[in-house]
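Notes to accompany the following structure.
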Amino acid sequence: MPRQRLQKINMKIGIGNDHAALEMKLQIKEFLEEMGHEVVDYGTHTSESCDYPVYGAKVAKAVASGEVEQGILICGTGVGISLAANKVKGIRCVVCSEPYTAKLSKQHNNSNILAFGARVIGIEMAKMIVTEWLNAEFLGGRHQERVDMIMALEEE
Ligand code: RB5
């Protein structure tokens, strides 16, 4: 079967992980680079136990500042690292364990960081989720109004 190609190439994507997801992070990084994307790896770079909020925040700040266009975060479940990322102003980080939610999170919610769990899904599912997410486009319109409502909560 021909390999599925990503439509958008040459994007600058930030990636981050904790110790539970080092191997999957490296595989996803390679997958993205094979597709033509530039990947900025914010760590962690070893399998030594570490604190996932540190890496969630690094990638989230890079996305929020425009240093990278989009972000991918991986920890054991995807939960802790996404919670940390969502504390950074301007971030809409989603945890996905299947591609449908990943695609809709971009189309309807304009998610700017994708998270998943290395202890929850396998590498092939992770690649499929990443592909759907990167290929999806925000649909705007009524969805923009709802996203604006979400972002207005940051000002309260
Ligand atoms: C690390 O043991 C684990 O707590 C972390 O990878 C993640 O699953 C947290 O949400």
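Order of listing sets the numbers, starting from 1, for every ligand and every atom in it. Atom set for the values below is all heavy atoms of this structure, side chains included, hydrogens, waters and symmetry mates excluded. Because the structure is a prediction, the values reported are computed rather than measured.
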His19 neighbourhood, listing ligand 1 atoms whose heavy-atom distance to it stays under 4.0 Å: 1 (C), 2 (O)
Side chain Gln70, main chain Ile13, donor-acceptor under 3.5 Å: no
Heteroatom distance test (Gly80, ligand 1): nitrogen or oxygen, under 3.5 angstrom: yes
Closest protein heavy atom (residue, atom, distance) for atom 9 (C) of ligand 1: Tyr52 CE2, 3.5 Å
Numbered atoms of ligand 1 (with element) below 4.0 Å of Asp18, judged on heavy atoms: 1 (C), 5 (C), 6 (O)
Of all pairs that satisfy salt bridge (Lys or Arg N to Asp or Glu O under 4.0 Å), the ones with a partner from residues 19-33, not counting sequence neighbours: Lys25-Asp41, Lys29-Asp41
Steps toward side chain to side chain contact (heavy atoms under 4.5 Å, CB included) verdict (Asn17, Thr44): CA-CA 6 Å; Asn17 61 287; Thr44 186; 3.4 Å; yes
Under 3.5 Å: donor-acceptor pair, side chain of Gln107, backbone of Ala136: no
Ala20, portion touching ligand 1 at heavy-atom distance under 4.0 Å: side chain
Protein heavy atom at shortest distance from atom 2 (O) of ligand 1: Arg119 NH1, 3.3 Å
Donor-acceptor contact below 3.5 Å, side chain Ser111 vs main chain Val94: no
Worked check of side chain to side chain contact (heavy atoms under 4.5 Å, CB included) between Ile123 and Phe31: CA-CA 10 Å; Ile123 186 62; Phe31 180 65; over 6 Å; no
Interfacing atoms of ligand 1 (cut-off 4.0 Å, heavy-atom, Gly76): 5 (C), 6 (O), 7 (C), 8 (O)
Side chain to side chain contact (heavy atoms under 4.5 Å, CB included), paired with Asp18, selected from Ser47, Pro53, Cys50: Cys50
Nearest protein heavy atom with distance in Å, relative to atom 7 (C) of ligand 1: Cys75 SG, 3.4 Å
Closest protein heavy atom to atom 8 (O) of ligand 1, given as residue, atom name and distance to 0.1 Å: Thr77 N, 3.0 Å
